[in-house]
Amino acid sequence: MLAAAWAPYPSWLNPGDNAWQLTAATFVGLMSVPGLVVLYGGVMQKRWSVNSMMLTFAAFGLVLIGWVLWGFDMSFGHPWHGFSDTGFFGNFIGQPGAVLDHVALQGQASIPLVSSGPPFHFPTSTLVYFQFVFAAITPILMLGAVLGRINFKAWLLFVPLWMTCIYTVNAFLIWGGGFWAQKGAVDYSGGYVIHLAAGVSGFVAAAVIGPRLARDREIDAPNNLLMVACGAGLLWLGWNGFNGGDPYYAGADAAAAVLNTNLATAVAFLVWVVWDYATGRKPSLIGSVNGMIVGLVAITPAAGFVNGYGAMAIGAIGASAVYVAYNYLSRVRPFRNVDDTLGVVYTHGFAGLIGGLLVGVFADSNMLVYLGLGNTPNFAAAGSLHLLKVQLYAGVWVILFSAAGTFVLLKLVGLLIPLRMSEKDMEMGDLAVHGHEVYPSDVPSLGYTGSVAPALSPTPEPAGSS
């Protein structure tokens, strides 16, 4: 009797593409957990280390739940025609829905309004997971602007609201085939959708919540530079998945995007060091990491659209422009009046906008994202005045919408939960909020009510004592 034939994959699934997308997504996930967990935990003062890490872990988990229940379809599903069937309001957001049934988990992935490439060769669950790690890192990047004073409970409510009301709209408009995509705007891997939105929203949040305590602003010393370096390294190499996964195929453009990402980052890092020497400063690790991040962010909207020369130019221009903004523009209003803890508006907001605009300058029409066959045209972006104009309009939208939406959401959350920690809790930091420290001290944590015993507990009194 002959054994029945078994097929491990459906006819549309390519194991190479599927494996690369899952690997790339995992690389991006590692940028948040543990990448930004470790970086934030090391760059903040000792008494804010645990809080910074907890806020990051919480955001990662919250976004995942909301993403599979409603967020993914709002970003990449069928358009919602609540106000109009055409134009902006007919193409600005997707219909919410869950992606947890067998069709979503094992059926072929697609984005209904996107037809600029060949059909996806992996299941919807792969696409959902890949796009989740992008959605998750965005509020985590924004978090860097408000570390050291945001109320943990308020953050738990704000993150799903921001993901639902801000992130999904920007994602649908640019990546999901919505209005700006139809106008020709491109964002290879999130310079606008992720970094510009995070930088602007973080700046608004820092302004609304208010500054850190004076002593935190005056003595802004990292508690562990080794953790900072480790987190930064995870960001650099994790970005290979960030940009390398966005063609959605394990092809030539994915490889080019990975190399371009590293080229731009290396140039930006070194240009930042050169600027430090040129302005009489010492090349610090923290400053150089900022330069590295600027390179990663600036190349993100352009990675697969530019050649290697364009990638190096974007790294140099981005690092130079953000260096000036970070060190000099920060001295003028409104920037000097807002306590952006880690300078997110510069390293992500400014860098994301610069990179997005430079796509209109350096995009090389010979860099084919998808190779057309027969009567199917090639898909690529070409630098032109028209593309630069469209990129500018889309960038202005992201800035205005993200700023206004974040302001409204914060005010709504503030009606229910204080956005800012109490002064007493800010004086104590991690012990007050989470009941333990990153490096336990010799002082017992009296009044601890957490679920894990502190390293040093108060000595129990003898039986019968009062």
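We're numbering straight along the sequence, starting at 1. None of the values given here were measured: they were computed from a predicted structure. Below, each value reflects all heavy atoms present in this structure, side chains not excepted, and no hydrogens, waters or symmetry copies.
You'll find the ring centres of F92 and W397 outside the 6.0 Å limit.
Checked by atom type and distance alone, the side chain of R212 never pairs as donor or acceptor with a backbone atom of R217 at under 3.5 Å. Checked by atom type and distance alone, the side chain of D430 pairs as donor or acceptor with a backbone atom of S49 at under 3.5 Å. Remark: the backbone N or O of V258 is not paired with any side-chain donor or acceptor of N243 at under 3.5 angstrom. Between the side chain of N151 and the main chain of P418, a donor-acceptor pair closer than 3.5 Å is present. Side-chain atoms of R420 do not come within 3.5 Å of backbone N or O of V208 as any donor-acceptor pair. At distances below 3.5 Å, not a single donor-acceptor pair connects side-chain atoms of Y326 with backbone N or O atoms of G291. Judged by distance alone, the side chain of R336 and the main-chain N or O of P334 form no donor-acceptor pair under 3.5 Å. Side chain of N223 to backbone of G41: a donor-acceptor contact under 3.5 angstrom is found. Side-chain atoms of R47 come within 3.5 Å of backbone atoms of M426 as a donor-acceptor pair (strictly under, hydrogens ignored). Formation of a donor-acceptor pair under 3.5 Å by the Q21 side chain with backbone atoms of F130 is not found in this model.
When all heavy atoms of A254 and W20 are compared, the closest pair comes out as CB-NE1, 4.2 Å. Nearest heavy-atom pair across M74 and I93 is O-CD1, 3.5 Å. In plain terms, the two heavy atoms of L62 and P160 that are nearest each other are CD1-CD, 4.2 Å. Closest heavy-atom contact between Y188 and A303: CD2-CB, 3.8 Å. Contact record, E427 with R215: O-NH2, 2.6 Å, taken as the closest heavy-atom pair. P301 and G191 get closest at one heavy-atom pair: CD-CA, 3.8 Å.
Here CG of L161 is found 8.0 Å from CG of L412. Values are rounded to the nearest 0.5 Å.
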- [ ] Determine, step by step, whether F134 and F242 satisfy the ring-ring contact (aromatic ring centres under 6.0 Å, His included) criterion, reporting the C-alpha distance in whole Å, the side-chain angles of both residues, the deciding distance to 0.1 Å, and the verdict.
- [x] CA-CA 8 Å; F134 285 81; F242 206 100; 4.7 Å; yes
TODO: Check the pair T26, Y129 against side chain to side chain contact (heavy atoms under 4.5 Å, CB included), reporting the backbone distance first and the verdict last.
DONE: CA-CA 9 Å; T26 302; Y129 179 63; 4.1 Å; yes
TODO: Could you please spell out the steps behind the side chain to side chain contact (heavy atoms under 4.5 Å, CB included) verdict for T341 and R149?
DONE: CA-CA 10 Å; T341 306; R149 76 275 206 184; 2.6 Å; yes
- [ ] Would you please test D276 and Y323 for side-chain hydrogen bond (donor to acceptor under 3.5 Å, both in side chains) and show each step?
- [x] CA-CA 9 Å; D276 273 338; Y323 187 93; 2.8 Å; yes
TODO: Kindly indicate, with the supporting measurements, whether the criterion side chain to side chain contact (heavy atoms under 4.5 Å, CB included) is fulfilled by L213 and E423.
DONE: CA-CA 8 Å; L213 294 179; E423 296 292 314; 3.2 Å; yes
TODO: Show your working on side chain to side chain contact (heavy atoms under 4.5 Å, CB included) between F158 and L419 and close with a plain yes or no.
DONE: CA-CA 9 Å; F158 173 76; L419 297 172; over 6 Å; no
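With sequence neighbours left out, L285 forms a side chain to side chain contact (heavy atoms under 4.5 Å, CB included) with L225, A229, V289. Taking E218 as the reference, nothing meets the salt bridge (charged side-chain N to carboxylate O under 4.0 Å, His left out) condition, with sequence neighbours excluded. Residues satisfying the ring-ring contact (aromatic ring centres under 6.0 Å, His included) test with F172, not counting sequence neighbours, are none.
The side-chain hydrogen bond (donor to acceptor under 3.5 Å, both in side chains) contacts involving residues 58-78 comprise W70-T164, where partners must be two or more places apart or lie in separate chains.
F122 places a side-chain heavy atom less than 4.5 Å from the side chain of Y248. Taking the side chain as every heavy atom from C-beta outward, P123 and N18 approach each other to under 4.5 Å.
Using modelled atom types and a 3.5 Å distance limit, the side chains of N290 and Y346 yield no donor-acceptor pair.
The side chain to side chain donor-acceptor pair (under 3.5 Å) with W239 is formed by just one residue from the set T261, N262, T265, T300; it is T300.
Note: Y393 and W180 have tilted aromatic rings, judged against thresholds of 30 and 60 degrees for the angle between ring planes.
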Contacts under 3.5 angstrom, residues 50-60 side chains, donor-acceptor by atom type, not counting sequence neighbours:
from, atom 1, to, atom 2, distance (Å)
N51, ND2, H434, NE2, 3.0
S52, OG, W48, O, 2.8
T56, OG1, S52, O, 2.9

Can you give me every donor-acceptor pair (side chain of residues 193-206, partner residue at least two apart or in another chain, under 3.5 Å) with its distance?
from, atom 1, to, atom 2, distance (Å)
H195, ND1, H348, ND1, 3.1
S201, OG, W162, NE1, 3.3
S201, OG, A197, O, 2.8
S201, OG, T406, OG1, 2.9

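Around atom CZ of F401, more than 12 heavy atoms belonging to other residues, nucleotides or ligands sit under 6.0 Å away.
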